[in-house]
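For reference, the structure discussed in these notes is given below.
Hydrogens, waters and symmetry mates are skipped; everything else that's a heavy atom, side chains included, is used. A, B, ... follow the sequence lines: proteins, then strands. Residue 1 opens every chain.
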Amino acid sequence: MTDDELDRRLRDALRAEPSPDLAARIRERIATTPAPPERWRWAPALAGGLAAAVIVAAVLATRESQPTGPSPRSAESTRAVAAAAAPGTASPRASTPDPGSAIAVGASTRWSQPARPRRSAPVERALPVAAEDGDIAGAQVAFSPAEAMATEASGLTLAPEPLSIPALDIAPLALAPLVVAPLLVAPLAVGEQIIEGGPQ
Amino acid sequence: MHERADRLPGAWIAVDDSDREAFGARVHESSGLAFRVAYGVLRHRQQAEDVAQETLVRAFRAFRQLRDRAKFRAWLVRVAWRLALDEQRAHRRRLARDGQAMDPRPRDVGPDVAAEVRALWAAIDRLPDRLRQPLVLASIEGHTTAEVAALLELPEGTVKSRLFEARRLLKEWLQ
């Protein structure tokens, strides 16, 4: 059997014509079929909304994971490091802070054997701080875990003695009265040309 | 003889508020193509018309995404082929449930059909789907190899080799 003969037999076997009314029946059914939904018109809006929702959720999640206490790089933290770097310091283990001038909330025991802190939570350490008036409250200093570990690794320790901070003397600021000259406005004559920007 | 869609002027199908009218203008040629594809699988005129009708309704629903005429015809062939195979499997399940055997001859012709035609249909049924589909498409509407390749979205060389293999098997089984 040749290819041509096979093709002829195949064409004969597959030759078929639909009923004359097939197209009419299909048109009739399509006429009663609901129009296809225009899904592509609201798809960009949906994508934009989803993207905005993801961004908002990410921002909220980031804010919730941040510590609410003082910043590790706050002035108190800086003061604590400066105090620790003071000459003649010893280990805080030997110090017995005075309840009136320093605050110790059990952190001194943790100081000797610091537990590995959580990653995001600041570590509160007792810092014996005393001013001349002995009335500085809230001497707890918040360290970030990285700062605490770096401080311990560097061998810096806290001052055993209360830190003396002189009282700040601020002179009153004298302000001279401000004299404002009256503003003179001359009437505009008829026919006078207005120069933009005014006279130099 | 139907006018070939890919030889008609205009390579794009209009898609706007007159989608229904634009699609209706394509129904005649597309229904013929879908019917012949389905008939190549089912060999039953009424079932092939049902498949063609379902194929065209689905095509209408997806008309907005089928702007390119060539892609529309390729999509139509694939859907008609798949629906026809589904119908064929359902028919075989019904026959098996009723304890009957599948008759390879066209089911809407009488028992006086020539024996060689029945043998040819049986041989076509034995072909794997990847060989049967290009063979049927090449045997209807005078499709060339390039047109079959476009309909199946396959390389032309792949279609040529599959057609060669299909013909070789048919000749072997029919002798």
Measure the spacing between [atom1] of [X] and [atom2] of [Y] and express it to the nearest 0.5 Å.
X	Y	atom1	atom2	answer
B:Leu120	A:Leu14	CG	CG	7.5 Å
A:Asp21	B:Glu49	CG	CD	7.0 Å
B:His28	A:Ile26	NE2	CD1	10.5 Å
A:Asp3	B:Arg168	CG	CZ	12.0 Å
A:Asp7	B:Leu135	CG	CG	8.0 Å

> Are B:Phe164 and B:Leu169 joined in one hydrophobic group, where the rule is that I, L, V, M, F, W and Y side chains link up if heavy atoms are under 4.5 Å apart?
Replying inline: no
Part of [X] lying under 4.5 Å from any heavy atom of chain B:
X	value
A:Leu22	side chain
A:Leu10	both
A:Ala31	backbone
A:Arg9	both

>> If I measure from the heavy atoms of chain A, does B:Leu56 come under 4.5 Å with its side chain, its backbone, both, or neither?
In response: both
> Among A:Arg27, A:Glu5, A:Arg29, which residue forms the greatest number of heavy-atom pairs with chain B at distances under 4.5 Å?
Replying inline: A:Arg29
> Should we count CD of A:Glu28 as having more than 12 external heavy atoms under 6.0 Å?
Replying inline: no
> More than 12 foreign heavy atoms under 6.0 Å from NZ of B:Lys160: is that the case here?
Replying inline: no
>> Looking at every heavy atom in both B:Trp121 and A:Ala13, which two are closest together, and how far apart are they?
In response: CZ2-O, 2.9 Å
> Do the non-hydrogen side-chain atoms of B:Arg36 and A:Pro18 ever get within less than 4.5 Å of each other?
Replying inline: yes
